[in-house]
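Every value quoted in this text rests on a predicted model; they were computed, and no experiment measured them. The chains referred to below are lettered A, B, ... by the order of the sequence lines, with proteins before strands, and numbering in each begins at 1.
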Protein chains: 2
Amino acid sequence: MRVSLKDVAEHAGVSIKTVSNVVNNYPHVTPAMRARVQEAIDELGYRPNLTARHLRKGRTGIIALAVPELGNPYFAELAGAVIDAAAEHEFTVLLDHTRGDREQEVLVSQGFRANVIDGLILSPLELEDEDLRSRTGDVPLVLLGERQYELPYDHIAIDNVSAARSAVRHLLSRGRSRIAYLGARTDSANRPAHLRLAGWREELTEAGVSAPDELVVPVGGWDRDEGARAMARLLDSGVRPDAVFAYNDLVAIGAMRVLHERGLRVPWDVAVVGFDDIEEGRFGAVTLTTISPDKQAIARMAVASLLRSLSGRTEPGGRELTADFTLVERESTLGRR
Amino acid sequence: MRVSLKDVAEHAGVSIKTVSNVVNNYPHVTPAMRARVQEAIDELGYRPNLTARHLRKGRTGIIALAVPELGNPYFAELAGAVIDAAAEHEFTVLLDHTRGDREQEVLVSQGFRANVIDGLILSPLELEDEDLRSRTGDVPLVLLGERQYELPYDHIAIDNVSAARSAVRHLLSRGRSRIAYLGARTDSANRPAHLRLAGWREELTEAGVSAPDELVVPVGGWDRDEGARAMARLLDSGVRPDAVFAYNDLVAIGAMRVLHERGLRVPWDVAVVGFDDIEEGRFGAVTLTTISPDKQAIARMAVASLLRSLSGRTEPGGRELTADFTLVERESTLGRR
DNA sequence: GTGAAAGCGCTAACAA
DNA sequence: TTGTTAGCGCTTTCAC
């Protein structure tokens, strides 16, 4: 049987309030009383019922994190960082994945476990402004990823254009001039994909290097398989780049696999830069040069933003918070032999 | 302002109970009444307070999953499978990681968010029998991984000895005879590590192949870095295996990286078999042969076990449930040239 | 410093 | 079929 505050109170011969005071470390309790109550607590093995506390306080100490796919190491690593950041404030994390499906994302944004969660961190892939505009839930929300929502929700991003430009600049500095961008997807709302493409184009243009359409390669998704497929299609079409800037590390890894199969050597024949800096890129026959977003910072900022909303700040959200990134140079972009 | 059942009841001019009936799809409500109440619900934008429901029912519909590390793709993929399996029964998953730290594991097993969770799935790395024996919490618990706890908790495992033997048998059939085992760790309670070593030894012995101690390689952890370190140490010590069976895919990948750096070619000079079948192994310059545990089955069984406890079964747990595995052959164990 | 009592929002007996 | 009411276990005024 569960033992409640009342049981402890009776056992100690005091009121419920007093026990509650002890449990909550209320300062104005005489040491003697505290000891007496504590003894009763220990004897009965009392453990507070968090659900009741939640109901009473209207807070649960739980925040939810919804990412497209845990199988994508970037999101898994990010989730780990969020769990840690949340734990620092004694919050626990409820995890869900949306499969990058717009409908799922809408569902989650609307009212995923309302009342059970104090806030929601959502990393959308396909969610549109309008989906959020009609949002009814009152749960604080913060969005991950650079998106231009004109809405009262904070979002945490890195400067994708600038990051893409660094990647391309790095390739140019390595003497590459036919740099393909692997990650175009016209049918997707995914803004980072468009921004990275924009950065690719800007940097090339500014450097006076041509950016022909044939080097803009569409992908069907953001994983290794799709990266491989896209790379194969590009090569099959007879286009021969001397470098590839991929939407993310997974796409880059898929592309590298195909390059390898086709006998093209990375970095000698084709240099490759990814995006995300997942652990996986540090290993493999050719380690992967990549843009490394500061995941810890992103996680911390997201949690902080939620905490801010919870603390009753009335200022509307809608801030655009920017996390840092760095370019991590590895073997996939070493100079030519 | 939050709108409650009472508000809806007043608005519709009915009793709270009636509204509750409608909300919970209680069958015996006249259609007219249902419509009337539904209208009030829609008008006020009523959403049930789950916390209150939880307090009342003593159930939350939340289960917790605690894994060592989300950065390990095996656990990330498993977590995804658990989330899916839980969702099928309308459960949500609270995620935590223990960093493979015994103290953390004990903490989690004792009372992680008690009352908030209906059950706990724990994937322990260092937890000992005694830690569980003194467990006071009353939250249903199921353990992941093969462990011989003589305790009233179900655990889900695959047959590690048998799986290891398949891996070794496969290598033998490929003409390898100096097969190293990368993953010994005497200081760890991690049973699978010991069982896989046992399987390695059994298979070799039975095949009449020598299993010298020099081929049993200790690792300092279960990730890529430690795999790399262990492989480097082995080679530095002058031992030259013609195959490696690694504790898991991460260790295998770390080892392959070092083999590559040292100019040893996989599979030609050294064949490699991993364990876990993480996505990552399907790519890379050399795809990885591995033991593939049925993660979906593990997740489903774990959730089912929890559901069983929740349904009030009185039979003690303590069952040892076994999930299937398969050997997935890839490039890292192709025949010699 | 401690006690009494109200009530968070809901469900489930029990009545009507 | 629908209404009344008593809690689930806790926190929190407000007295004392």
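- Within 4.0 Å of B/Asn24, counting heavy atoms only, lie sugar-phosphate atoms of the nucleic acid but no base atom.
- B/Arg59 places a side-chain N or O within donor-acceptor distance of the main-chain N or O of B/Leu310, the cut-off being under 3.5 Å.
- In this structure, the ring of A/Tyr26 has its center less than 6.0 angstrom from the ring center of A/His28.
- Residue B/Leu50 is classed as having no contact, given no heavy-atom separation below 4.0 Å to the nucleic acid.
- Checking the phosphate oxygens (OP1, OP2) of C/dG9, no side-chain nitrogen or oxygen of B/Ser4 falls inside 4.0 Å.
- In this model, the phosphate group of C/dT11 is approached by a side-chain N or O of B/Ser20 to a distance below 4.0 Å at OP1 or OP2.
- Counting to the nearest Å, the P atom of C/dC8 and the CZ atom of B/Arg53 are 18 Å from each other.
- Using a 4.0 Å heavy-atom distance criterion, A/Val14 is classed as a sugar-phosphate-only contact.
- Atom C1' of nucleotide C/dT2 and atom CD1 of A/Ile16 are separated by 13 Å, given to the nearest angstrom.
- Mapped onto DNA chain D by nearest heavy atom, B/His28 and B/Leu55 fall at different nucleotides, with B/His28 at the one closer to the 5' end.
- Remark: B/Thr51 is not in phosphate contact with C/dC10, judged by side-chain N or O atoms under 4.0 Å from OP1 or OP2.
- Here the closest heavy-atom approach between residue A/Val93 and residue B/Leu94 is recorded as O-CD1, 3.3 Å.
- The NZ-P distance, from B/Lys6 to D/dA6, rounds to 15 Å in whole Å.
- Closest to the B/Met33 side chain, of the nucleotides C/dA4, C/dG9, D/dT2, is D/dT2.
- Residue A/Leu5 contributes atom CG, which lies 14 Å from atom C1' of C/dG3 at whole-angstrom precision.
- Protein atom CD of B/Glu10 is 14 Å distant from nucleotide atom C1' of C/dG9, rounded to whole Å.
- Per the geometry, CZ belonging to B/Arg59 stands 14 Å off C1' belonging to C/dT11, to the nearest Å.
- Residues A/His54 and A/Asn115 bring no donor and acceptor atom of their side chains to less than 3.5 Å of each other.
- At the phosphate of C/dG1, neither OP1 nor OP2 sits under 4.0 Å from any side-chain N or O atom of A/Thr18.
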query = side chain to side chain donor-acceptor pair (under 3.5 Å) between A/Asp84 and B/His97: does it pass, once the steps are laid out?
reply = CA-CA 9 Å; A/Asp84 288 337; B/His97 51 201; 2.9 Å; yes

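- Both B/Arg47 and B/Lys17 lie close to DNA chain C; mapped to their nearest nucleotides by heavy-atom distance, the more 5′-ward contact belongs to B/Arg47.
- Across the protein-nucleic acid pair, A/Arg56 atom CZ and C/dA6 atom C1' stand 8 Å apart, rounded to whole Å.
- Across all strands, B/Val29 comes closer than 4.0 Å only to sugar-phosphate atoms, never to a base (heavy-atom distances).
- The nearest whole Å value for the distance from the CZ atom in B/Arg36 to the C1' atom in D/dT2 is 11 Å.
- Under 4.0 angstrom from either OP1 or OP2 of D/dC10 there lies at least one side-chain N or O belonging to A/Tyr46.
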